[in-house]
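Comments concern the structure below.
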Amino acid sequence: MASHVACTLFTLHFILFSYLCTITCGAFYEEVTEAIAIKRIEKTTHLHFYFHDIVSGKNPTAIRIAGPDNYAFGNTMMADDPLTEGLEISSKPVGKAQGLYAFASQNDFCLLMVMNFAFTEGEYNGSSISILGRNQILNDVREMPIVGGSGLFRLAHGYALAHTVWFGEQGDATVEYNVYVSHY
């Protein structure tokens with residue numbers, strides 16, 4: 001008899017606990033039904049622009065915030081680099097590359113890129129994409145993942161192809177970007 005009562009109490013406790021947990025969790029999140037998500041059609045956009053990283057002169061767009069004074073392991077830079085439509089820095093601005101990059105390899109020149117490309121021109125004005133990945137700067141073309149975005153690029157994913165077109169003696173660089181971003 002005692003084991004039957006204990007079993008009943010255990011079952012009742014389990015049912016009530018499950019019910020209370022459902023009520024508590026239900027206020028924290030809401031499941032979106034597939035029918036709503038299907039109404040959106042994903043599209044892929046190709047963006048082409050130039051990234052200008054200026055570390056020299058009176059008005060650098062990237063500054064060292066941590067690490068040794070040379071371009072070596074641990075050196076970390078904070079950037080607010082212009083993005084332009086054409087190769088020249090004087091060409092039409094289309095946005096800013098804001099974030100940081102750090103030399104993350106002890107054996108070769110590889111950067112950890114944590115960067116937002118915030119667009120200020122045309123249809124994508126006010127939207128941004130986020131890059132988080134490895135940039136092997138000595139390779140001719142590097143591929144980095146797009147891990148998210150905002151505005152028209154909300155829920156974005158894709159990849160960015162970077163190609164250095166100019167590298168100056170003082171460390172300044174111009175990088176061509178071809179970005180393929182899928183979004184709704």
Side-chain angles (χ1 to χ4, degrees), residues 25-55 59-67 75-105 110-137 139 141-166 171-184:
C25 294
F28 177 67
Y29 67 89
E30 176 183 354
E31 292 186 21
V32 178
T33 63
E34 197 171 319
I36 294 172
I38 288 176
K39 291 181 183 178
R40 293 198 255 166
I41 298 172
E42 186 174 74
K43 62 182 174 179
T44 299
T45 300
H46 172 224
L47 302 169
H48 179 257
F49 51 84
Y50 293 87
F51 169 106
H52 303 275
D53 193 50
I54 304 164
V55 296
N59 297 312
T61 61
I63 59 168
R64 187 178 65 82
I65 60 171
N75 194 353
T76 304
M77 306 289 285
M78 182 64 67
D80 185 18
D81 292 336
L83 302 176
T84 62
E85 189 173 79
L87 178 62
E88 300 299 322
I89 195 165
S90 59
S91 65
K92 182 180 178 180
V94 296
K96 294 286 211 152
Q98 299 170 326
L100 58 90
Y101 58 89
F103 287 85
S105 175
C110 290
L111 301 175
L112 165 65
M113 301 285 290
V114 182
M115 196 71 62
N116 289 313
F117 290 163
F119 299 103
T120 58
E121 196 55 44
E123 178 183 356
Y124 302 111
N125 183 17
S127 298
S128 68
I129 56 175
S130 299
I131 291 179
L132 172 63
R134 186 172 194 242
N135 183 350
Q136 297 173 286
I137 59 177
N139 288 1
V141 177
R142 290 91 65 194
E143 181 178 329
M144 292 168 282
I146 304 296
V147 296
S150 67
L152 292 177
F153 295 125
R154 187 175 297 128
L155 298 174
H157 59 279
Y159 62 97
L161 299 175
H163 166 70
T164 303
V165 293
W166 178 78
D172 298 344
T174 300
V175 180
E176 178 183 25
Y177 271 87
N178 279 289
V179 176
Y180 297 89
V181 58
S182 297
H183 57 99
Y184 295 101

Could you grab the distance from atom [atom1] of [X] to atom [atom2] of [Y], nearest 0.5 Å is fine?
X	Y	atom1	atom2	value
H157	S130	NE2	OG	14.0 Å
L111	M144	CG	CE	8.5 Å
W166	L87	CH2	CG	10.5 Å
D53	T164	CG	OG1	10.0 Å
H46	L161	NE2	CG	8.0 Å
M77	I63	CE	CD1	8.0 Å

If you look at every heavy atom in [X] and [Y], which pair is closest and at what distance?
X	Y	answer
S182	T44	OG-OG1, 3.0 Å
L47	V181	CD1-CG1, 4.4 Å
A62	Y101	CB-OH, 3.8 Å
A79	M115	CB-CE, 4.4 Å
G126	S150	O-OG, 4.4 Å
E88	S91	O-OG, 2.7 Å

Once the angle between the rings of F51 and Y177 is folded into 0 to 90°, is it parallel (under 30°), tilted (30 to 60°) or perpendicular (over 60°)? tilted

Under the side-chain contact (heavy atoms from CB on, under 4.5 Å) rule, what do T174 and I89 come out as? Steps first, then yes or no, please. CA-CA 8 Å; T174 300; I89 195 165; over 6 Å; no

Test side-chain contact (heavy atoms from CB on, under 4.5 Å) on Y124 and V94; report intermediate values, then the result. CA-CA 9 Å; Y124 302 111; V94 296; over 6 Å; no

Derivation of the side-chain contact (heavy atoms from CB on, under 4.5 Å) call for L132 and L112: CA-CA 7 Å; L132 172 63; L112 165 65; 4.2 Å; yes

Using only atom types and a distance under 3.5 Å, with no angle test, would you say the side chain of H183 pairs donor to acceptor with the backbone of L152? yes

For the pair I146 and I131, evaluate side-chain contact (heavy atoms from CB on, under 4.5 Å) and give the outcome as yes or no after the intermediate values. CA-CA 5 Å; I146 304 296; I131 291 179; 3.6 Å; yes

Centroid-centroid under 6.0 Å between Y50 and H48 rings: yes

Which of N116, D80, T61 passes side chain to side chain donor-acceptor pair (under 3.5 Å) with Q98? It is D80

